[in-house]
Amino acid sequence: MGSDQPVVDPAVTATADDIAAMQIRGAATIADAAAAALATQAERSDAATPAAFERDLRASARELYETRPTAVSLPNALRYVLRGTEGETVSALQSSTIDAAETFRAELEQAQSKLGEIGANRLRDGDVVMTHCHSTDALACIEAALESGTAVEAIVKETRPRKQGHITAQRLRELGVPVTLIVDNAARRYLDETDHVLVGADSIAADGSVINKIGTSGLAVNARERGVPVMVAAQTIKLHPDTMTGQTVAIEMREEAEVLSADERTAIDGNADEMPPLRVENPAFDVTPPRYVDAIVTERGQFPPESIVTLMRELFGETTAEPWDTT
Ligand SMILES: O=P(O)(O)OC[C@H]1O[C@H](OP(=O)(O)O)[C@H](O)[C@@H]1O
């Protein structure tokens, strides 16, 4: 390897691989893991000069950034840590990077807890909450409600194709919450007995659109039609600053194997030689327009979707170039 080639610690690559494979999943968890990986990169760096240290750190951030395109919590975490990296010596750069990562992770945890308290205020004793996918921000609201003595029940959508709803069901059962697990297609029927739809977010756009696990938008449309309020639990690292300047959020298309096994493909398409092959598409997220969202709950309070841009401008100002891009 040439001496000017960046050196990315194997632990960073391992974390990037786990995020890409969804061994590490969930927008907040991904952000936490990315910050921890940058701290490890800094800690283990044996860069000879500050320039080499910064080159390696940027390369690590880029490797993490390129794992999954939709959850803005990942680039927001990378930006936070890299903007905290400062100093004239390698040692100073190392310690400032580690400090920035530790601060980010502590703030992430506090934000989720604060968000939970705010979201819990919307829940009443005996409420039935319908969930989609597995969102730690959403569950923080239920946990805070339980801690304040509010009893809730949950209708948990399994959330094909990866069935993250099973994680939610398990977690809620651990908390003693009565759970009804349903297939996604049954959601509209169970909205008749639902008091709140409670979901998380991977990104929130400046116009109040919510980018979340595939199926969220259809659930929100059905909830609106049934008169069930839709509450989005999303700490401010889910706010997507680039959408203030018209950028759109990339929707990750994941591999077909999550939807269809090779045997199933063969069973469907095995003898269709003359025809074009069966197409399988697996978008991992969708966009829920603001008109179907009743409240976005953050650690800074709850906002109607139309006004979330005020918080976004306060927190992010005008976005600048990505700090992991070579200057
Ligand atoms: O940050 P928290 O609230 O935990 O999760 C937010 C969202 O991230 C997840 O994506 P994936 O399962 O990683 O594809 C789901 O879309 C979930 O609603």
Enquirer: What distance do Arg300 atom CZ and Glu314 atom CD have between them, rounded to the nearest 0.5 Å?
Expert: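 If I round to the nearest 0.5 Å, the distance is 4.0 Å.
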
Enquirer: Under a 4.5 Å cut-off applied to non-hydrogen side-chain atoms, are Glu256 and Asn282 in contact?
Expert: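 No, side chains not in contact.
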
Enquirer: Is there a path from Ile142 to Ile118 through hydrophobic residues (I, L, V, M, F, W, Y) whose side chains come within less than 4.5 Å of each other?
Expert: yes

Enquirer: Indicate if Leu172 and Leu198 have the same hydrophobic cluster label, given that clusters are the connected sets of ILVMFWY residues with side-chain heavy-atom separations under 4.5 angstrom.
Expert: yes

Enquirer: Please report the C-alpha distance between Asn76 and Thr236 in whole Å, then the side-chain angles of each, then the deciding distance to 0.1 Å, and finally whether the side-chain contact (heavy atoms from CB on, under 4.5 Å) criterion is met.
Expert: CA-CA 10 Å; Asn76 280 345; Thr236 55; over 6 Å; no

Enquirer: For the atom pair OH (Tyr190) and CE (Met130), what is the distance rounded to the nearest 0.5 Å?
Expert: 9.0 Å

Enquirer: State whether the number of non-hydrogen atoms from other residues, nucleotides or ligands found under 6.0 Å of Glu255 atom CD is greater than 12.
Expert: yes

Enquirer: Given side-chain contact (heavy atoms from CB on, under 4.5 Å), test Asp127 with Thr150 step by step and report yes or no.
Expert: CA-CA 9 Å; Asp127 276 353; Thr150 303; over 6 Å; no

Enquirer: Check the pair Asp202, Arg68 against salt bridge (charged side-chain N to carboxylate O under 4.0 Å, His left out), reporting the backbone distance first and the verdict last.
Expert: CA-CA 11 Å; Asp202 292 84; Arg68 297 186 73 193; 5.9 Å; no

Enquirer: Are Ile214 and Phe285 in one and the same hydrophobic cluster, where Ile, Leu, Val, Met, Phe, Trp and Tyr link if side-chain heavy atoms are under 4.5 Å apart?
Expert: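 Cluster IDs for Ile214 and Phe285 differ.
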
Enquirer: Does any N or O in the side chain of Asp56 come within less than 3.5 Å of the main-chain N or O of Val7, such that one atom is a donor and the other an acceptor?
Expert: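 Yes, the answer is positive, given that a donor and an acceptor are paired below the 3.5 Å cut-off.
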
Enquirer: Thr216: what forms a side chain to side chain donor-acceptor pair (under 3.5 Å) with it, not counting sequence neighbours?
Expert: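 Side chain to side chain donor-acceptor pair (under 3.5 Å) list for Thr216, sorted by chain: Asn212.
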
Enquirer: Following the transitive rule for hydrophobic clusters with a side-chain heavy-atom cut-off under 4.5 Å over Ile, Leu, Val, Met, Phe, Trp and Tyr, establish whether Val179 and Ile167 coincide in one cluster.
Expert: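 Shared cluster, no.
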
Enquirer: To the nearest 0.5 angstrom, please state how far the CD atom of Gln302 sits from the CD1 atom of Ile308.
Expert: 10.5 Å

Enquirer: Tell me, which pairs form a ring-ring contact (aromatic ring centres under 6.0 Å, His included) where one or both residues lie in residues 40-91, sequence neighbours left out?
Expert: Tyr65-Trp324, Tyr80-Phe104

Enquirer: Between Ser307 (side chain) and Phe303 (backbone), is there a donor-acceptor pair under 3.5 Å?
Expert: no

Enquirer: Return yes if some donor-acceptor pair links the side-chain N/O of Asp137 with the main-chain N/O of Gln235 below 3.5 Å, else return no.
Expert: yes

Enquirer: Report the distance from atom CD of Gln170 to atom CG of Leu175, rounding to the nearest 0.5 Å.
Expert: 10.5 Å

Enquirer: With rounding to the nearest 0.5 angstrom, report the CG to CZ distance, Leu260 to Arg265.
Expert: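 Spacing of CG (Leu260) from CZ (Arg265) equals 6.5 Å.
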
Enquirer: Just wondering, are more than 12 heavy atoms of other shown residues or ligands nearer than 6.0 Å to CD in Glu225?
Expert: yes

Enquirer: Just do the salt bridge (charged side-chain N to carboxylate O under 4.0 Å, His left out) check on Arg105 and Glu102 with the steps written out, would you?
Expert: CA-CA 5 Å; Arg105 298 181 70 191; Glu102 285 173 358; over 6 Å; no

Enquirer: Main chain of Val72, side chain of Lys238: is a donor-acceptor contact present, judged purely on distance under 3.5 Å?
Expert: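 Not confirmed, Lys238 side chain does not pair with Val72 backbone.
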
Enquirer: Side-chain heavy atoms under 4.5 angstrom apart, residues restricted to Ile, Leu, Val, Met, Phe, Trp, Tyr: same cluster for Val8 and Leu57?
Expert: yes

Enquirer: Drop me the distance from Gln247's CD to Asp242's CG, to the nearest 0.5 angstrom.
Expert: 4.5 Å

Enquirer: Apply the side chain to side chain donor-acceptor pair (under 3.5 Å) test between Ser217 and each candidate in Asp286, Asn222, Thr288; give the one that qualifies.
Expert: Asp286

Enquirer: Just so I know, are the side chains of Lys157 and Ile182 near enough to count as touching, which here means a heavy-atom distance under 4.5 Å?
Expert: yes

Enquirer: Out of the candidates Ile30, Thr13, Ile24, Thr67, only one should pair with Asp18 under the side chain to side chain contact (heavy atoms under 4.5 Å, CB included) rule; please name it.
Expert: Ile24

Enquirer: Considering residues at least two apart in sequence or located in another chain, which fulfil the salt bridge (Lys or Arg N to Asp or Glu O under 4.0 Å) criterion with Arg160?
Expert: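 With neighbours one apart ignored, the set is empty.
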
Enquirer: Distance-only, no hydrogens or angles: does the Thr159 side chain make a donor-acceptor pair with backbone N or O of His132 under 3.5 Å?
Expert: no

Enquirer: For Arg162 and Lys213, what are the C-alpha separation, side-chain angles and deciding distance, and is it a side-chain contact (heavy atoms from CB on, under 4.5 Å)?
Expert: CA-CA 10 Å; Arg162 299 278 306 218; Lys213 184 54 52 196; over 6 Å; no

Enquirer: State whether a side-chain donor-acceptor pair under 3.5 Å links Asp263 with Ser261.
Expert: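 Absent: no donor and acceptor within the cut-off.
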
